[in-house]
Asker: 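Quick one: the structure is below, and I'll ask about it shortly.
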Amino acid sequence: MEKAELKIKIEEVPNEDILIYHISDILSEMKLSFETKDDLKYGGLYSFNFEKIEVPEELQYLAGALLTNVDGLLNVDFDRYKISFEKASVFDWKDMEQKIIPIINKMVAKKRKMIIKERVRMSISKNGYAVHTKVN
């Protein structure tokens, strides 16, 4: 049964070139990684696709749309409930997300409502634990 809405939690990590979108839809049963359009059929170097199973068409289109329409994007990874993005250092997430969010809205949420629940920044405490601080 399809969920009534797509919920997203955006996580900033200590590496400023990486951004994670936790989403309420299942994307993939295996980790898939895409760096170029050549990776679309089976995933790229960092994919866990040892059996060379063809990537579902919807994910091929989503990865292709992100890589070709978002300047500065180096890598897109899909996990079960997560999309991880890596950018070139010279680019700014604020500008890039203006292109990323509409693509996710169109290709993942489709005609459902998309809600960005919160944005958090992950850091490491002096005890070595992950700490998430809400970003406004």
Side-chain angles (χ1 to χ4, degrees):
M1 190 172 107
E2 191 171 276
K3 296 175 180 128
E5 56 195 21
L6 178 71
K7 296 176 188 165
I8 298 176
K9 175 181 177 178
I10 300 172
E11 180 182 1
E12 299 174 3
V13 296
N15 180 342
E16 293 178 6
D17 293 335
I18 294 176
L19 190 65
I20 301 169
Y21 280 34
H22 300 274
I23 68 170
S24 59
D25 282 10
I26 294 175
L27 285 169
S28 174
E29 293 298 336
M30 69 178 86
K31 179 181 174 8
L32 294 168
S33 180
F34 304 91
E35 291 181 10
T36 69
K37 290 185 278 183
D38 295 337
D39 296 338
L40 296 181
K41 190 165 186 176
Y42 299 110
L45 183 62
Y46 301 105
S47 297
F48 294 159
N49 189 0
F50 306 117
E51 306 295 320
K52 286 287 188 202
I53 298 165
E54 190 165 337
V55 173
E57 215 170 65
E58 275 190 4
L59 286 183
Q60 288 188 41
Y61 287 134
L62 178 57
L66 290 164
L67 289 169
T68 56
N69 293 303
V70 182
D71 292 337
L73 200 55
L74 295 176
N75 191 316
V76 179
D77 290 345
F78 297 128
D79 282 298
R80 190 167 172 89
Y81 291 103
K82 180 170 74 173
I83 305 173
S84 303
F85 302 96
E86 183 180 358
K87 69 173 182 64
S89 297
V90 71
F91 290 87
D92 181 23
W93 283 121
K94 189 174 155 191
D95 298 329
M96 295 172 74
E97 283 187 281
Q98 290 178 8
K99 292 187 177 178
I100 291 171
I101 289 173
I103 291 170
I104 291 174
N105 191 26
K106 181 179 181 182
M107 300 182 83
V108 180
K110 299 182 178 128
K111 297 188 186 309
R112 297 176 293 153
K113 182 177 182 179
M114 185 173 83
I115 298 170
I116 297 178
K117 290 184 62 162
E118 64 180 343
R119 185 181 196 101
V120 297
R121 183 170 295 126
M122 192 271 273
S123 58
I124 306 296
S125 72
K126 62 183 175 184
N127 299 332
Y129 295 105
V131 177
H132 291 88
T133 308
K134 196 168 187 169
V135 178
N136 292 332

Asker: Would you indicate whether the side-chain heavy atoms of Leu19 and Glu12 approach each other to under 4.5 Å?
Answerer: yes
Asker: Could you check whether any side-chain heavy atom of Lys99 comes within less than 4.5 Å of a side-chain heavy atom of Leu73, counting everything from C-beta outward?
Answerer: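 A side-chain contact under 4.5 Å is absent here.
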Asker: Checking Ser84 side chain against Ile20 main chain: does a donor-acceptor pair fall under 3.5 Å?
Answerer: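 Between the backbone of Ile20 and the side chain of Ser84 there is no qualifying donor-acceptor contact (under 3.5 Å).
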Asker: Please step through salt bridge (charged side-chain N to carboxylate O under 4.0 Å, His left out) for the pair Asp17 and Lys87, ending with a clear verdict.
Answerer: CA-CA 5 Å; Asp17 293 335; Lys87 69 173 182 64; 3.0 Å; yes
Asker: Which Ile, Leu, Val, Met, Phe, Trp or Tyr residues join Ile115 in one cluster when any pair of side-chain heavy atoms under 4.5 Å counts as a link?
Answerer: none
Asker: Show, in sequence, the C-alpha distance, side-chain angles and deciding distance for Asp25 and Lys110, and conclude whether the salt bridge (charged side-chain N to carboxylate O under 4.0 Å, His left out) test is met.
Answerer: CA-CA 12 Å; Asp25 282 10; Lys110 299 182 178 128; over 6 Å; no
Asker: Quick check: is Met96 connected to Met107 through a chain of hydrophobic side chains (ILVMFWY, heavy atoms under 4.5 Å apart)?
Answerer: yes
Asker: Rounded to the nearest 0.5 Å, how far apart are CE of Met122 and CG of Asn15?
Answerer: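 CG of Asn15 is found 10.0 Å from CE of Met122.
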Asker: What is the distance from atom CD1 of Ile10 to atom CH2 of Trp93, rounded to the nearest 0.5 Å?
Answerer: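 Going from the CD1 atom of Ile10 to the CH2 atom of Trp93 covers 10.5 Å.
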Asker: Carefully, step by step, assess Asn75 and Ser33 under the rule side-chain contact (heavy atoms from CB on, under 4.5 Å).
Answerer: CA-CA 7 Å; Asn75 191 316; Ser33 180; 3.4 Å; yes
Asker: Is the count of non-hydrogen atoms from other residues, nucleotides or ligands lying under 6.0 Å from Glu16 atom CD greater than 12?
Answerer: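 No, not enclosed.
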Asker: Would you say that Ile116 contacts Ile101 through its side chain, given a criterion of any heavy-atom pair below 4.5 Å between the two side chains?
Answerer: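 Heavy-atom side-chain distance check passes, below 4.5 Å.
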Asker: A side-chain contact here means heavy atoms from C-beta on lying under 4.5 Å apart; do Val55 and Phe34 qualify?
Answerer: yes
Asker: Per the side-chain hydrogen bond (donor to acceptor under 3.5 Å, both in side chains) rule, which among Lys7, Glu11, Lys9 passes with His22?
Answerer: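 Looking at Lys7, Glu11, Lys9, the match for His22 under the side-chain hydrogen bond (donor to acceptor under 3.5 Å, both in side chains) is Glu11.
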Asker: List the atom of Met114, the atom of Ala109, and the distance in Å for their closest heavy-atom pair.
Answerer: CB-CB, 4.1 Å
Asker: When you compare the side chain of Val70 with that of Phe85, does any pair of heavy atoms fall below 4.5 Å?
Answerer: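 No, every pair of side-chain atoms sits at 4.5 Å or beyond.
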Asker: Membership question, hydrophobic clusters at under 4.5 Å side-chain separation (ILVMFWY): are Val108 and Ile103 in the same one?
Answerer: yes
Asker: Measure the spacing between CG of Asn105 and NZ of Lys111 and express it to the nearest 0.5 Å.
Answerer: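 Rounded to the nearest 0.5 Å, the CG-NZ separation comes out at 11.0 Å.
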Asker: Is there a side-chain contact between Glu29 and Arg80 in this structure, where contact means two heavy atoms from C-beta onward sitting under 4.5 Å apart?
Answerer: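 SC-SC contact between Glu29 and Arg80 confirmed.
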Asker: Check whether any side-chain heavy atom of Ile100 lies under 4.5 Å from a side-chain heavy atom of Ile83, and answer yes or no.
Answerer: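 Ile100 does not reach Ile83 side chain to side chain.
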Asker: In Å, rounded to the nearest 0.5 Å, how long is the span from CG of Leu66 to CD1 of Ile104?
Answerer: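 Between Leu66 CG and Ile104 CD1, I get 6.0 Å after rounding to 0.5 Å.
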Asker: In the single-linkage hydrophobic clustering (I, L, V, M, F, W, Y; side-chain heavy atoms under 4.5 Å), do Leu32 and Leu67 co-cluster?
Answerer: yes
Asker: Give a yes or no on whether Tyr61 atom OH has more than 12 heavy-atom contacts from other residues, nucleotides or ligands under 6.0 Å away.
Answerer: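 No, because the 6.0 Å sphere around OH of Tyr61 holds 12 heavy atoms or fewer from other groups.
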Asker: Quick check for you: to the nearest 0.5 Å, what is the distance between Ser24 atom OG and Leu27 atom CG?
Answerer: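 Ser24 OG to Leu27 CG: 9.5 Å, rounded to 0.5 Å.
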Asker: Using a 4.5 Å cut-off on heavy atoms from C-beta on, say whether the side chain of Glu54 contacts that of Tyr42.
Answerer: yes
Asker: Over all heavy atoms of both residues, which pair between Leu59 and Ser28 is shortest? Give the atoms and the distance, please.
Answerer: CD1-CB, 3.8 Å
Asker: Once you round to the nearest 0.5 Å, how far does NZ of Lys41 lie from CD of Glu57?
Answerer: 11.0 Å
